[in-house]
Amino acid sequence: MVEYDGEVLAYDRPNMIAVKIGNQSFIVNAYYQLSKTIQGTRLDYRAEMDTANTFTKIMGFLFGWLTKSILHKQMTRLKEMAESEAKVTA
């Protein structure tokens with residue numbers, strides 16, 4: 001089991017949340033911004049990762065493609081869920 005410490009860095013309901021999560025190996029600062037558009041709602045996401053040691057830096061470099069792939073799949077699924085929910089409530 002892995003545990004992470006977390007902290008809310010900024011919060012502006014319902015438009016924005018920024019969080020910091022991490023453990024002894026790394027820290028991730030993630031920013032989520034929602035904004036209205038003509039088509040619906042836009043989600044802008046940015047994450048910054050800081051590694052604590054050389055091993056974590058090497059692993060991040062070697063498996064960065066995997067992390068990007070997982071993130072892309074998660075964002076695609078989030079988009080699908082949000083759009084399907086919007087159709088149900090319309």
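Reckoned from all heavy atoms, side chains included, excluding hydrogens, waters and symmetry mates. Since the model is a prediction, treat every value here as computed from it, not as a measurement. For this chain, numbers begin at 1 and follow the sequence in order.
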I'd like to know if Asp44 and Arg42 make a salt bridge, using a cut-off of under 4.0 Å between side-chain N and carboxylate O. yes
If I take atom CE from residue Met59 and atom OG1 from residue Thr67, how far apart are they, to the nearest 0.5 angstrom? 10.0 Å
Using 0.5 Å steps for rounding, measure from the OG atom of Ser25 to the NZ atom of Lys57. 12.5 Å
Residue pair Lys73 / Thr76, side-chain heavy-atom distance below 4.5 Å: no
Heavy-atom donor-acceptor pair, Asn53 side chain to Thr56 backbone, under 3.5 Å: yes
Heavy-atom nearest pair, Leu78 first then Leu43, reads CD2-CD2, 3.6 Å
Determine whether Leu62 and Phe55 fall in the same hydrophobic cluster, where Ile, Leu, Val, Met, Phe, Trp and Tyr are linked whenever their side-chain heavy atoms lie under 4.5 Å apart. yes
Is it true that atom CD of Gln24 has more than 12 heavy atoms of other residues, nucleotides or ligands lying nearer than 6.0 Å? no
Please step through side-chain contact (heavy atoms from CB on, under 4.5 Å) for the pair Leu9 and Val19, ending with a clear verdict. CA-CA 5 Å; Leu9 300 173; Val19 295; 5.8 Å; no
Side-chain contact test, heavy atoms from C-beta onward, threshold under 4.5 Å: evaluate it for Arg77 versus Gln74 and give yes or no. no
Any idea which heavy atoms bring Ile27 and Lys20 closest together, and the distance? CG2-CG, 3.4 Å
Hydrophobic clustering (ILVMFWY, side-chain heavy atoms < 4.5 Å, transitive) - are Leu66 and Ile58 grouped together? yes
Below 4.5 Å, heavy atoms only, C-beta onward: do Asp5 and Ile21 meet side chain to side chain? no
Rounded to the nearest 0.5 Å, what separation is found between the NZ atom of Lys36 and the OG1 atom of Thr41? 7.5 Å
Considering non-hydrogen atoms only, spot the tightest contact between Val8 and Ile17 and give its length. CG1-CG1, 4.5 Å
Are the side chain of Ser69 and the backbone N or O of Trp65 linked by a donor-acceptor pair below 3.5 Å? no
Only pairs at least two apart or in different chains count here, so list each ring pair (Phe, Tyr, Trp, His ring centres under 6.0 Å) that has a residue in residues 9-50. Tyr4-Phe26, Tyr32-Tyr45
Please say yes or no: joined through hydrophobic side-chain contacts below 4.5 Å, possibly via intermediate residues, are Leu71 and Phe61 part of one cluster? no
